[in-house]
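Since the structure comes first, as structure tokens, the remarks are kept for the end.
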Amino acid sequence: MKTELQDAKRIVLAHYDAIARATPETVATALAANTSTNWHWRGLHPFHEQTGAAAVAQTYWAPFLTSMKSVQRRQDVFFAGRNTDDDDDVWVASMGHMLALFDAPFLGIRPTQKIVMYRYAEFNRVVGDKIVETASFCDLLHLMSQAGVNPMPPQTGIHLVQPGPATHDGLLFDEQDAQVGRDTMQLINRMIGDIDANSNDKDTPRDATPQEELQRCWHDDMLWWGPEGVGATYTIDRYIQQHQQPFRRQLGNRQFNGHIARISEGTYGGFFGWPNLTLTPLGGYMGMPGNGTVRADMRVVDIYRRDGDKLAENWIFIDVLHFLNQQGLDVLARLEQT
């Protein structure tokens with residue numbers, strides 16, 4: 001299995017190298033070099049799902065490379081693993097920022113002619129010597145914020161240019177001890193079980209207070225790096241105050257839809273869903289009114305770092321624009337009107 005994981009990592013790194021050398025005119029060819037002809041690509045709103053390198057280039061990469069110059073992929077986390085949630089296939093996860101000069105409009109966002117740090121997370125499924133499936137998440141609201149556009153009300157946490165792991169050991173290019181990865185996944189699964197046991201379902205009594213629930217699997221000085229619109233929090237108490245309470249009180253009827261991929265390697269693990277959750281906004285979350293009837297999906301990536309027998313850091317990506325669009329707020333359309 002280790003050899004298969006290492007081979008998959010090499011293919012994804014070759015894919016990233018090809019993109020790094022591409023131009024808007026050549027990026028379709030670069031994408032095709034390491035992907036299958038029917039490559040299934042999932043991107044956030046407004047990109048959504050695409051098939052094949054030409055479609056992905058036209059929809060996302062060519063516009064991005066036209067707007068962003070001198071792009072550098074600055075990875076903070078890179079690991080691979082077998083999917084424990086479904087088919088046991090090999091996936092490779094990458095997270096970090098794309099550093100670039102924002103030189104031309106992108107999705108109606110006005111350029112700054114300055115550095116931007118474009119936050120991203122990506123999962124790639126590798127079969128043989130090709131990438132056959134990708135989930136590509138980014139934080140467009142944070143890009144807007146760097147360009148001086150703030151379409152959202154004040155968030156409960158704070159958004160920064162988010163750093164990588166405190167331990168600076170997230171780039172797992174080499175082989176890892178398989179048991180260490182299994183321990184990481186076991187802890188992530190136990191944490192998810194605690195969330196399910198203490199959900200906002202009125203018919204399911206909670207078996208712990210919020211502090212007790214979190215202390216089972218999280219260090220007291222946990223770092224929760226949330227997306228723009230929600231923001232980051234630090235320590236269990238501030239996480240409860242600044243994220244968990246608003247989420248549980250202002251979003252009801254939570255339905256878990258499962259994950260497409262859930263993987264771990266070393267002390268890192270993560271997952272994504274499409275969507276992970278379907279919820280009913282009750283009013284107030286991200287400043288939306290909510291009427292208790294509209295349902296909205298959350299497409300989410302979570303990346304975790306384990307420290308000993310507890311989780312220490314969590315980076316979260318949410319397709320916020322899609323979540324808001326389902327509630328009747330088209331942030332990009334509003335941006336075009338300003």
Short side-chain donor-acceptor distance under 3.5 Å, Gln255 and Asn253: no

Could you tell me whether Arg238 atom CZ has more than 12 heavy atoms of other residues or ligands within 6.0 Å of it? no

Quick check: is Phe256 connected to Leu282 through a chain of hydrophobic side chains (ILVMFWY, heavy atoms under 4.5 Å apart)? no

Measure the acute angle between the ring planes of His48 and His45, then classify it against the limits of 30° and 60° as parallel, tilted or perpendicular. perpendicular

Are Tyr118 and Val149 in one and the same hydrophobic cluster, where Ile, Leu, Val, Met, Phe, Trp and Tyr link if side-chain heavy atoms are under 4.5 Å apart? yes

The test is salt bridge (Lys or Arg N to Asp or Glu O under 4.0 Å); show your working for Asp103 and Lys69 and say whether it passes. CA-CA 7 Å; Asp103 279 1; Lys69 303 302 180 184; over 6 Å; no

CE on Met117 to CD on Gln162, rounded to 0.5 Å: 11.0 Å

Lys9 side, atom NZ; Leu171 side, atom CG - distance, nearest 0.5 Å: 10.0 Å

Using the rule that two of Ile, Leu, Val, Met, Phe, Trp, Tyr join whenever any of their side-chain heavy atoms come within less than 4.5 Å, decide whether Trp315 and Leu99 are in one cluster. no

Starting at CD1 of Ile263, measure out to OG1 of Thr84 and round the result to the nearest 0.5 Å. 9.0 Å

Does a donor on one side chain sit under 3.5 Å from an acceptor on the other, for Thr26 and Thr23? yes

In this structure, CD1 of Ile188 is separated from CG of Asp302 (nearest 0.5 Å) by 9.0 Å

What orientation do Trp41 and Tyr60 show, parallel under 30°, tilted 30 to 60°, or perpendicular over 60°? tilted

Let me confirm one number: the CH2-CD1 distance from Trp225 to Ile158, rounded to the nearest 0.5 Å. 10.0 Å

Inspect the contact between Asp330 and Arg334 and indicate whether a charged nitrogen and a carboxylate oxygen are less than 4.0 angstrom apart. no

Would one find more than 12 heavy atoms of other residues, nucleotides or ligands at under 6.0 Å from atom CZ of Arg295? yes

May I ask you to check whether Tyr304 and Phe271 place their ring centers less than 6.0 Å from one another? yes

So, for Val301 and Ile303, which heavy atoms are closest and what is the spacing to 0.1 Å? CG1-CG1, 4.0 Å

Going through the checks in order, is the side chain to side chain contact (heavy atoms under 4.5 Å, CB included) test met by Thr112 and Gln146? CA-CA 8 Å; Thr112 63; Gln146 292 173 74; over 6 Å; no

Can you label the angle between the Trp274 ring and the Phe137 ring as parallel, tilted or perpendicular, going by 30° and 60°? perpendicular

Just checking Gln58: does its CD atom have more than 12 heavy atoms from other residues, nucleotides or ligands closer to it than 6.0 angstrom? no

Taking C-beta and beyond as the side chain, do Met144 and Val331 meet within less than 4.5 Å on heavy atoms? yes

Take Val230 and Phe247 through the side chain to side chain contact (heavy atoms under 4.5 Å, CB included) test and state the conclusion after the steps. CA-CA 10 Å; Val230 179; Phe247 187 92; over 6 Å; no

Hey, are Thr184 and Arg306 close enough side-chain-wise for a donor-acceptor pair under 3.5 Å? yes

Same cluster or not: Phe64 versus Leu101, using hydrophobic residues (I, L, V, M, F, W, Y) connected whenever any side-chain heavy atoms lie under 4.5 Å apart? no

Say whether Tyr285 and Gln327, considering side chains only, have a donor N or O and an acceptor N or O under 3.5 Å apart. no

Will you find, in the side chains of Thr235 and Asp221, an N or O donor that is under 3.5 Å from an N or O acceptor? no

Should Leu141 and Leu107 be counted in the same cluster of Ile, Leu, Val, Met, Phe, Trp and Tyr side chains packed under 4.5 Å apart? yes

To the nearest 0.5 Å, how far apart are CZ in Arg248 and CD1 in Ile195? 7.0 Å

Do the non-hydrogen side-chain atoms of Met222 and Leu311 ever get within less than 4.5 Å of each other? no

Specify the closest pair of heavy atoms between Phe79 and Gly269, including all atoms of both residues, with the distance to one decimal. CZ-C, 3.6 Å

With the side chain counted from C-beta on, respond yes when Arg82 and Val90 share a heavy-atom pair under 4.5 Å apart, and no when they do not. yes

My understanding is that only residues two or more places apart in sequence, or in another chain, count here; which of them pass salt bridge (Lys or Arg N to Asp or Glu O under 4.0 Å) with Arg119? Asp139

Check: Glu175 side chain, Gln6 main-chain N or O, donor-acceptor pair, under 3.5 Å: no

Is there a side-chain contact between Arg125 and Asn83 in this structure, where contact means two heavy atoms from C-beta onward sitting under 4.5 Å apart? no

For the residue pair Glu133 and Trp39, establish whether any side-chain heavy-atom pair is separated by less than 4.5 Å. no

Begin from the C-alpha positions of Asn314 and Tyr239 and carry the test side chain to side chain contact (heavy atoms under 4.5 Å, CB included) through to its verdict. CA-CA 11 Å; Asn314 182 196; Tyr239 169 83; over 6 Å; no

Should the ring pair His142 and His159 be called parallel, tilted or perpendicular, given that the plane angle runs from 0 to 90° and is split at 30 and 60? tilted

Are more than 12 heavy atoms, taken from residues, nucleotides or ligands other than Gln186, located less than 6.0 Å from that residue's CD atom? no

What do you reckon, is CG of Leu160 surrounded by more than 12 foreign heavy atoms closer than 6.0 Å? yes

Under the criterion salt bridge (Lys or Arg N to Asp or Glu O under 4.0 Å), I'd like the reasoning laid out for Asp17 against Arg21: C-alpha separation, chi angles, the key distance, then a yes or no. CA-CA 7 Å; Asp17 182 63; Arg21 292 182 283 106; 3.1 Å; yes

May I ask you to test the Glu122-Ser136 pair for a side-chain heavy-atom distance under 4.5 Å? yes

Verify, without hydrogens or angle tests, whether Glu228 (side chain) and Leu143 (backbone) share a donor-acceptor contact under 3.5 angstrom. no

Between Ile109 and Leu335, is there a side-chain heavy-atom distance shorter than 4.5 Å? yes

Closest non-hydrogen contact found for Val126 with Val92 is CG2-CG2, 4.5 Å

When you check the side-chain N and O atoms of Asn38 and Thr51, is any donor under 3.5 Å from an acceptor? no

Nearest heavy-atom pair of Ser264 and Gly181: which atoms, and what distance? OG-O, 2.8 Å

If you look at every heavy atom in Arg299 and Gly43, which pair is closest and at what distance? NH1-O, 4.1 Å

For Pro246 and Ile240, the nearest pair of non-hydrogen atoms, with its separation, is CD-O, 4.1 Å

Testing Lys310, Glu213, Glu313, Met191 for side-chain contact (heavy atoms from CB on, under 4.5 Å) with Trp218, which one passes? Met191

Anything under 30° is parallel, anything over 60° is perpendicular, the rest tilted; go ahead and classify Phe173 against Phe78. tilted

Taking the side chain as C-beta and beyond, is there a heavy-atom pair between Pro163 and Asp76 under 4.5 Å? no

Which label fits Phe123 and Phe272: parallel for a plane angle under 30°, tilted from 30 to 60°, or perpendicular past 60°? tilted

Please indicate whether Tyr234 has more than 12 foreign heavy atoms, meaning atoms of other residues, nucleotides or ligands, lying under 6.0 Å from its OH. no

Residue pair Gln75, Leu13: steps toward the side chain to side chain contact (heavy atoms under 4.5 Å, CB included) verdict: CA-CA 11 Å; Gln75 295 190 99; Leu13 290 174; 3.9 Å; yes

